[in-house]
Each structure stands twice: as structure tokens, then as C-alpha cells.
Amino acid sequence: MASETTDAANAAASACVDAGGGAIGMPQLCADWMGNQIFWLVVTLVVIFFILSRVALPRIAAILAERQGSITNDLAAAEDLKVKAQDAEDAYNKALADARAKANEIIAAAKLDIKADYDAASAKADAQIAEKTAESEKAIAAIRAGAMESVEAVARDTAGELVVAMGAKADAAAIDKAVAARLKG
Amino acid sequence: MATDSKEGGQELVFHPMDQFIVKPLFGDGPVGLFTVTNVTFWMVLTVLAIVALLVLGTSSRATIPGRAQSIAELAYGFIRKMVADVAGKDALPYFPYIMTLFMFIVFSNFLGLLPGAFTTTSHIAVTAVLAMLVFVAVTVIGFVKHGTGFLGLFWVGAAPLPLRPILAVIEVISYFVRPVSHSIRLAGNMMAGHAVIKVFAAFAPLVLISTGIGLVVTPLSILAITAIYALEILVAFIQAYVFTILTCVYLKDALHPAH
Amino acid sequence: MEGDIAQMGQFIGAGLASVGMGGAAVGVGNVVGNFLSGALRNPSAAAGQTATMFIGIAFAEALGIFSFLVALLLMFAV
């Protein structure tokens, strides 16, 4: 088709553009323009290369290295702080353990005191109780003796009365003897 | 070139290739070697964009980066890691040039997507120079570093002995086809995408010519332009990435030619 | 446009050459599909192989680009 339109009509800018400004064939294959493109491409590449290798890339590398450095520093600082925190925690734990031991001592001493007081009070109470028990026992024995005497008297009287009621003559001495014999079992 | 087709009495104009025409920026003269053309204009814009991102964007040198500085650092880290991973640590001295290639291609592609823009990377002349620079550089580096040992690249030691001469021929051919595919891939992708957008754009005014079909075709073509444009944004980045990573692969062959 | 057999040949040839781009599409789809099925089996290894996938895509695509180039040359340069 290139052959079809190579009239005198395209006296315009180039052999690759027709009179109406449209492309003839593929503009990519137009040899007239290649030199220009290659020239400007090489200029562009050289400019970009120098900008990148002289300014941009070293700067970005420096930024990244600096950031890496500050990250490393921060990590080291964090490590220090962590160690410090560990120390503080250890000290705290030690203080806590000391306080606990002291408290245990105090508790043990208090327990001993209390036990001594308790023992003394307990012994005193025991003595009092024993005393009271002895007194009570004595009183009970007295009461029991009293009661025995009463029983004897009642039995003698009852026996005498029974004998009288049966029509016999009460002999006091015989009744006493019989009652005593009976009570003795 | 039959770009005008008559439909319904009025004209629906197809000029998908006109966007690639190189013309002088000032006046109407012929395009000489040093003429300031639209190529120059868009390449200068590319340089300015790169300067804005990588130099002005990082001028604060902040430890906690702003937006532009983040993108600049991201691009730096991305390409540097690619070079180190694909081509090896000993390829890092060539990192500035690979970065230059990547930044130039990616910004040319993106600037070319602006409506009315001229895409410098859609021209085979441009991409061929980029690819030939890589090809020549890789070949020279290979021979300088390894001498004739570089030819071991073509001698596949892992293959059975009778096969090796045949493989060597294939390897040599594929080695010399590299700059062709390397350059045409970029230019072809850019040119195809832009031409397709232009063709759909030419269908868009159909509603003004014949209202009947136009009511269907015009919205469809606008939708298609939007979709292809989104795809082209993706392609613009991926092609820059592919060009750069292939450069790294070729560089790896030059630095470690053993198979 | 009428009666120009050479031009008809150009257009038919360009259309036929474009068929080759379908092969590139199949190839690229194959590469990405296999990458994805591998990546879903072993997601931890996937991130390191993305670059390899793109290299594979680039090589598969190159041949499609060649057929595109042939089509363009037939259309515009012959």
C-alpha cells in the first residue's frame, strides 16, 4: 500500500505522511524518523542515567541505610531498656521475697506469744477447774453422807412403824441392827 | 493505507496509526536528526517525571517517608531486589543502568496512556535501541568476564553428546533472536493496545451518523475503551517489568554462562 | 480497493498471521494456569517463583508477538 500513495501529493513533511496529515503505512517503520528518535532516546537515557547514578540512587541508598541504622540503634536502645526493666523486676521480686520472709517471721513470733499466753491461761483455768471439782466432790460427798443418814433414819422409823402396825412391840435396838444389816447389803 | 471507510453516507474515520506519527514540535519542517519533535517533548516529560519522583520526592530525606519518597524507595528496592535475585549479587554494579531502563520504560508507558499523548516506547526504533544496548552490553560483559568460556553458554553440557551441536545451533539462534523479541515485545504491546483503543474510539461517534445502530455501538465502544484502557495500565507496568527482568536474565547468562 | 489481488493477499495473509496470536494466548494461559495450580498446592513457595512465571510468560508471548509483527508487516510494509 505504500506504493499506492507515493504520489506527488505527499510533498508535506515527510514520505511517511500523506497530504491530509494521516500516516502512510506504519509510522514505526518510517526510516526518516528513526535517526531523530534514536538521537533523542540516547540523550534521554544518558540524562536519566546520570541523574539516577549521581543523585537519586545514592540518596535513596543513604536514606535506606540511615533508616536501617536508626532501626538498629532503636533496637539496641530497646534491648538496653529491656535489660533495665529486667533488673528492676528482679529487685522488686527480691524486695517482695524479703518482705514475705519478714512477715513470716513476725507471724511465727506472734504465734509463739499467743501460744504461751494460751498455755498459761489454759493451765490457770485447769487449776481452777480442778479446785472447783474437788470442792464440788467434797460437797457431793457431804450431801451423800447426809442422805445416807436420812435414809437410815427413815428406814428405822418405817421399820418401827411397820412392826407396830403388825401388832408387835418395837424393839429399837433390834430394828437398828436389822436396818444396819440391810443397808450394808 | 485504507483508513477511511464510508458508512451510511457520512464518514466514520479510522486513523489508528496517526497517533504514532513523529512531527516537529515547532513549525512544519522535515524531521532531521536534531529536530525537536514530539518524541523529544515526551522524552523530556519522562525525564521530568523521573526527576520529580526520584529526586524531588526524596529531597526531604525523611526517616519516615512521605508518599513520593515511599514510591521512590519501593521502586529502588523492587529493581534492586530483582537484579540481586535474578542476575545475582555480582550484577549489582549494573543496577543503575537497569534502573534507568526500568524508570524510562515505565514512565514512557504511563505518560503515553494520557489522552492525546505520544508513546515513545511504541516505536520499534526506540525499543530496538534499548534492546540492542542490553544485547551488546551483555555480550561484551560475557566475553570480558569469561573470555571464550562465554561460548559455553551455547554448549549444553547436560545434553547427550550427539545432540550438543544441534542444540548449540539452536542456542545461537535463540541468542541472536533475543534483541528482536526483547524490543518487539515492548513496542508491539504498546502499539497494539493504543491502536485498539483508537479503533474503538473511531466507532464511538457512530450514534451521530446513524442513530439506530449507533445507540448500541456507541455505548459498547465507550465501554470497550474503558476496559482496554484499564488493561493497558496493567500492560504498561508489566511490559516494563518484563523488559527489566529479561535484561536481568540475559545479564545472568553473561555473568554465569555455565548451564 | 476493487480488483487488487495483491492487496487481497495482504489482508488474507495478515488475518492468517493473526491466528498465531491465539497460540500465544494458549501458551500464556498454560503458564499462568500451571503456576497457579502449583502455587495453590504450595503457597509458601509461590512468592519466590513469581519472577520465573513472568519470564515464562514473556517467552510464550514472544512468539505471539512475532505473528503480530508478521501481520503488521504484511499490512503496512509489503
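Chain letters run A, B, ... following the sequence lines, proteins first and then strands; every chain starts at 1.
- B:S122 approaches A:Q28 most closely through the heavy-atom pair O-NE2, 3.0 Å.
- Of the inter-residue distances, the one linking A:I63 atom CD1 with B:T58 atom OG1 reads 5.0 Å to the nearest 0.5 angstrom.
- By the 4.5 Å heavy-atom criterion applied to side chains, B:V55 and A:I51 are counted as neighbours.
- For B:F102, the CZ atom counts as densely surrounded, since its 6.0 Å shell holds more than 12 non-hydrogen atoms of other residues, nucleotides or ligands.
- For chain A, no part of B:L53 is nearby; none of its heavy atoms comes within less than 4.5 Å.
- Counting only heavy atoms from C-beta outward, the side chains of B:V126 and A:W40 never approach each other to under 4.5 Å.
- Proximity of B:V44 to A:V47: side-chain heavy atoms (C-beta onward) are nowhere separated by under 4.5 Å.
- Taking a 6.0 Å sphere around CD1 of B:I64, one finds it holds 12 or fewer heavy atoms contributed by other residues, nucleotides or ligands.
- Between B:T120 and A:L41 there is no side-chain heavy-atom pair separated by less than 4.5 Å.
- Between atom CG of residue A:D32 and atom CG of residue B:L33 there is a gap of 12.0 Å, rounded to the nearest 0.5 Å.
- The candidate with the highest count of non-hydrogen atom pairs below 4.5 Å against chain A, out of B:K23, B:Q19, B:Q69, B:H123, is B:H123.
- Residues B:A62 and A:R67 approach most closely at O-NH2, 3.6 Å, considering heavy atoms.
- Closest approach of B:Y76 and A:L57 over heavy atoms only: CD1-CD2, 3.5 Å.
- Residue A:L45 touches chain B through both its backbone and its side chain, counting heavy-atom pairs closer than 4.5 Å.
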Mind running side chain to side chain contact (heavy atoms under 4.5 Å, CB included) on B:I21 and A:W33 for me, showing each step along the way? CA-CA 9 Å; B:I21 290 175; A:W33 298 335; 3.7 Å; yes
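- Highest contact tally toward chain A, considering only B:E73, B:M99, B:M103, B:R80, is held by B:E73 [criterion: heavy-atom pairs under 4.5 Å].
- Around atom CZ of B:F237, more than 12 heavy atoms belonging to other residues, nucleotides or ligands sit under 6.0 Å away.
- With a 4.5 angstrom heavy-atom cutoff, B:S59 touches chain A via backbone and side-chain atoms both.
- Heavy atoms closer than 4.5 Å to chain B are found nowhere in A:A31, neither backbone nor side chain.
- Between B:R61 and A:E66 there is no salt bridge, since none of the side-chain N atoms of the basic residue sits less than 4.0 Å from a carboxylate O of the acidic one.
- The contact between A:F49 and chain B is made by backbone and side chain atoms together, counting heavy-atom distances below 4.5 Å.
- Side-chain atoms of A:N36 come within 3.5 Å of backbone N or O of B:T35 as a donor-acceptor pair.
- Counting heavy-atom pairs closer than 4.5 Å to chain A, the top residue among B:V47, B:L54, B:T40 is B:T40.
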